[in-house]
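If you're wondering where the values come from, they're calculated on a predicted model, not measured in any experiment.
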Amino acid sequence: MTQQAGTAGRVRRVAAAAVSLVAATSLAAGCGGDDDAQDTPAASSPVPSASPSANPKSTLLAAVPTEEDPAFRFSGSDPSGAVTGVVDPAGKGMDLTITEKDEELDFTMKMSFRLIEQRSWMKVSFDGADQLSSMLKLPTKWMELDHAKLTDPASVPYYEGADPGNTGAILGAAGDTVTDQGGGTYTGTVDLTHGEHVRQAMADVVDVDALGEAAKAVPFTAVVGADGNLTSLTLEIPAAGKRKATKYVVKYFDFGKAPKVTEPTGSQAQKAPASAYELLNG
């Protein structure tokens, strides 16, 4: 998933780089572990809307989460991985977790970030190689990050708004192709070459230039619940060059039921140690 400058996309790149570094450390130390299943939260099933809308594109754009919405959960997946979390627009906060699997050494790293406005906290855990936390000298608490100590401060996210999947920018590129299929389901195509903001939104997902003409008509399916909230958006990205056809999926759910995102305090948190910056700066 990506948003504006690429919150989730940046985190996935950091996580992937961190896994590579951890894997190298593991190989040097000769450690490994048993596999644990990756956690995937199940999104609640949307309630179908009652009747077709007069202006389906406007209905979709109006359904995109805004700063006026209550806290909600999200999940997303694309060719580079999966992300889950919570968005709290009122508190300008976000929780997100990226899961990266190292197939060779058979362990999974979970890198979580808590974001409140311009502040960022990180937590890292390992499934199948618990000893790596000790080896890398990483605490199990939330670690508040000092962006000035990062080689690339932009590599660590901050709160950028209520639409982490950038569904508004994507659906805005649908032109007049949107069709209301009834039951809250909408279909159409999006033009990924439609403006630099759309290219940036999808930069971590697909090579728009490699798609050629196909990038101008990428099929999508969107679902809006009876409460008027967008509950899912799926792009069917065609094959291009050596890349296989794949999907970009965003789900928003549990509006008003998700917990607020709050600052970790007391025994929950500490300042990030030097080892955390070594991991992030690679």
Side-chain angles (χ1 to χ4, degrees), residues 1-33 38 76 78-85 92-161 164 166 200-201 203-205 207 261 263-265 268-282:
M1 298 175 71
T2 181
Q3 178 186 336
Q4 295 179 20
T7 298
R10 285 201 305 269
V11 176
R12 268 203 298 269
R13 288 196 297 273
V14 170
V19 162
S20 297
L21 177 62
V22 170
T25 303
S26 301
L27 284 171
C31 71
Q38 176 176 330
D78 61 42
S80 62
V83 58
T84 60
K92 296 189 181 302
M94 181 184 298
D95 269 340
L96 57 93
T97 296
I98 308 296
T99 303
E100 291 283 344
K101 178 71 179 289
D102 185 276
E103 299 291 347
E104 181 179 356
L105 295 177
D106 201 20
F107 73 85
T108 299
M109 184 182 78
K110 292 183 179 179
M111 179 174 279
S112 299
F113 286 87
R114 179 162 294 180
L115 319 171
I116 299 179
E117 297 185 343
Q118 302 298 308
R119 300 176 69 186
S120 303
W121 293 262
M122 179 181 74
K123 183 185 289 186
V124 180
S125 63
F126 300 93
D127 291 339
D130 294 339
Q131 67 271 38
L132 283 175
S133 291
S134 297
M135 182 185 303
L136 296 173
K137 299 180 181 179
L138 292 172
T140 58
K141 299 178 181 181
W142 284 106
M143 298 173 279
E144 183 168 12
L145 298 169
D146 179 353
H147 291 199
K149 295 181 180 180
L150 297 167
T151 302
D152 177 12
S155 66
V156 171
Y158 51 87
Y159 181 75
E160 292 183 88
N166 221 346
Q200 290 180 355
D204 295 307
V205 179
D207 184 341
V261 177
E263 175 185 342
T265 58
Q268 296 179 324
Q270 67 174 74
K271 295 294 183 181
S275 56
Y277 298 104
E278 289 172 5
L279 183 69
L280 292 170
N281 292 332

Listed partners of T151 passing side chain to side chain contact (heavy atoms under 4.5 Å, CB included), at least two apart = N281
Nearest-0.5 Å distance that lies between atom CE in M143 and atom NZ in K271 | 13.5 Å
Given M94 and V261, is the side-chain contact (heavy atoms from CB on, under 4.5 Å) satisfied, shown in steps?
-> CA-CA 6 Å; M94 181 184 298; V261 177; 5.6 Å; no
Can you list the residues that meet the side chain to side chain donor-acceptor pair (under 3.5 Å) rule with D152, with sequence neighbours excluded?
-> none
Presence of salt bridge, R119 and E263, under 4.0 angstrom = yes
T97 and K110: which non-hydrogen atoms are nearest, and at how many Å?
-> CG2-CB, 4.4 Å
Separation between CD (E144) and CH2 (W121), nearest 0.5 Å, reads 5.0 Å
Step by step, work out the side-chain contact (heavy atoms from CB on, under 4.5 Å) result for L150 and Y277.
-> CA-CA 7 Å; L150 297 167; Y277 298 104; 3.8 Å; yes
To the nearest 0.5 angstrom, please state how far the CE atom of M109 sits from the OG atom of S125.
-> 9.0 Å
Between CZ on residue F113 and CG on residue L96, distance to nearest 0.5 Å | 7.5 Å
Rounded to the nearest 0.5 Å, the OG atom of S275 sits from the CG atom of L136 at a distance of 7.5 Å
How close do Q268 and K141 get, heavy atom to heavy atom, and via which atoms?
-> O-CB, 3.4 Å
Point-to-point distance, once rounded to the nearest 0.5 Å, from CH2 of W142 to NZ of K123 | 5.0 Å
Shortest non-hydrogen contact from A269 to P264?
-> CB-O, 3.6 Å
Nearest heavy atoms of P273 and Q270, plus distance in Å = CD-NE2, 4.0 Å
Identify the heavy atoms of S120 and L115 that sit nearest to each other, and give their distance.
-> OG-CD2, 3.8 Å
Candidate pair L280 and M122, rule side-chain contact (heavy atoms from CB on, under 4.5 Å), full reasoning = CA-CA 10 Å; L280 292 170; M122 179 181 74; 3.7 Å; yes
